[in-house]
Amino acid sequence: MLVAAAVCPHPPLIVPELAGAAAPELDGLRAACAQAVAALRAAAPDLLFVVGGDDTTREYGPRSAGSLAPWGVDVRTGEGDPVLPLSLTIGRWLLGGDPDGFLAVAVDAGPAQCLELGERLASMRRVALLIMADGSAKLTGKSPGYLDPAAEPYQRRLVKALAEADLAAIAELDPGEAAELWAGGRAPLQVLAGAAAGAELRPELVLECAPYGVGYAVAVWS
């Protein structure tokens, strides 16, 4: 059963070495993510998995490594050749240690597949999940995807669902709409919805912000 979950974003700039002089701008986001990860550990789960988006769906072992070299600085997490995608690399960096495994979910995976993946994860004893999920990257004219008027209401719905642990609202997120609005966290969040089905979890929205025109939310379900 799922005993705790944390939702965090995965911008490369959350790592101070990549942010450089701009690092203080994301101090609040780093602190919120640290709080969320601490809540996961406080639940004392039997197993802890990191879930994030990628081009394809696949699992990685607990000692798998990642690098941020493609984003400018070769900050590494884990040992060995870096194989983790960005979302899981940042998740590993936030954890500061080995989880029990990583799950990359294809960003275009259908809702039914995502929900099934979550159900499977939750069937493994007492499980905690660190869900790496960015919101829309089209919130302002300075966003990576420029401004889309549909992005702000979408982001509000997303944040509300996290704040209320509204599994139905998350399960109903449309892959096409998410792709159009550059909301890369849709698939991992639907894995969370599948894992949380039947669990009694208390939601807490730790932080909502949109630096650089990208919607980020940090939430804890415990």
Side-chain angles (χ1 to χ4, degrees), residues 2 4-12 14 29 32-33 36-37 39-40 45 47-60 64 66 84-95 99-122 124 127-137 154-155 157-163 165-197 199 201 203 205-208 214-221:
L2 184 69
V7 176
C8 295
H10 51 82
I14 199 171
L29 181 60
C33 290
V37 169
L40 283 187
L47 299 169
L48 193 161
F49 295 96
V50 183
V51 181
D54 192 18
D55 294 335
T56 59
T57 297
R58 62 166 294 181
E59 297 180 21
Y60 295 90
S64 299
L84 297 176
L86 173 63
S87 60
L88 300 181
T89 296
I90 298 296
R92 199 187 213 301
W93 181 84
L94 290 174
L95 278 180
D100 291 287
F102 297 90
L103 173 64
V105 186
V107 293
D108 60 354
Q113 179 187 356
C114 296
L115 294 170
E116 183 179 350
L117 287 169
E119 292 171 1
R120 180 169 61 82
L121 286 175
M124 305 178 188
V127 172
L129 298 179
L130 175 56
I131 304 292
M132 309 306 298
D134 289 353
S136 175
Y154 178 93
Q155 188 66 23
R157 282 190 285 126
L158 190 63
V159 171
K160 184 174 185 290
L162 290 175
D166 188 339
L167 304 186
I170 295 173
E172 291 170 1
L173 293 172
D174 179 68
E177 183 183 23
E180 177 66 26
L181 298 176
W182 288 25
R186 187 275 310 171
L189 288 174
Q190 289 183 326
V191 172
L192 169 59
L201 299 171
L205 182 64
V206 180
L207 179 71
E208 175 191 2
V214 182
Y216 299 143
V218 179
V220 175
W221 295 1

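Quick note: numbers below take in every heavy atom, side chains included, and nothing from hydrogens, waters or symmetry partners. Fair warning: this is a prediction, and the values are worked out from it, not measured in the lab.
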So which atom in [X] and which in [Y] form the shortest heavy-atom distance, rounded to 0.1 Å?
X      : Y      : value
Leu201 : Ala196 : CD1-CB, 4.2 Å
Val127 : Met124 : CG2-O, 2.6 Å
Met132 : Ile90  : CE-CG2, 4.0 Å
Asp54  : Ala104 : CB-CB, 3.9 Å
Ala36  : Cys8   : CB-SG, 4.1 Å
Ile170 : Ala161 : CG1-CB, 3.8 Å

Check: Testing Val218, Val7, Leu29, Leu162 for side chain to side chain contact (heavy atoms under 4.5 Å, CB included) with Val206, which one passes?
Finding: Val218

Inter-residue atom distance [X].[atom1] - [Y].[atom2], 0.5 Å rounding:
X      : Y      : atom1 : atom2 : result
Glu172 : Asp166 : CD    : CG    : 8.0 Å
Gln155 : Tyr216 : CD    : OH    : 10.5 Å
Glu59  : Ser64  : CD    : OG    : 10.5 Å
Ser87  : Asp134 : OG    : CG    : 9.0 Å
Leu40  : Trp221 : CG    : CH2   : 12.5 Å
Leu88  : His10  : CG    : NE2   : 8.5 Å

Checklist line | N-O pairing of Glu177 and Arg157 below 4.0 Å | finding: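 Answer for the salt bridge query: yes.
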
Note to self: Using side chain to side chain contact (heavy atoms under 4.5 Å, CB included), reason through Val50 and Leu94 one step at a time and then give a plain yes or no.
What the structure shows: CA-CA 10 Å; Val50 183; Leu94 290 174; over 6 Å; no

Next item on the list: Just do the side chain to side chain contact (heavy atoms under 4.5 Å, CB included) check on Leu103 and Leu129 with the steps written out, would you?
Entry: CA-CA 10 Å; Leu103 173 64; Leu129 298 179; over 6 Å; no

Check: Is the shortest heavy-atom distance from the side chain of Val214 to the side chain of Pro11 under 4.5 Å?
Finding: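 Side-chain contact under 4.5 Å: no.
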
Note to self: For a 4.5 angstrom cut-off between non-hydrogen side-chain atoms, does Leu189 reach Leu158?
What the structure shows: yes

Show me, pair by pair, the donor-acceptor contacts under 3.5 angstrom made by side chains of residues 107-117, not counting sequence neighbours?
none

Margin query: Evaluate Phe49 against Val191 for side chain to side chain contact (heavy atoms under 4.5 Å, CB included), listing each step before the verdict.
Written below: CA-CA 12 Å; Phe49 295 96; Val191 172; over 6 Å; no

Notebook entry, point to check: Short question: side chain of Ser136, backbone of Ala183 - any donor-acceptor pair under 3.5 Å?
Noted result: no

Check: Would you say Thr89's side chain and Leu84's backbone share a donor-acceptor pair under 3.5 angstrom?
Finding: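 Yes.
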
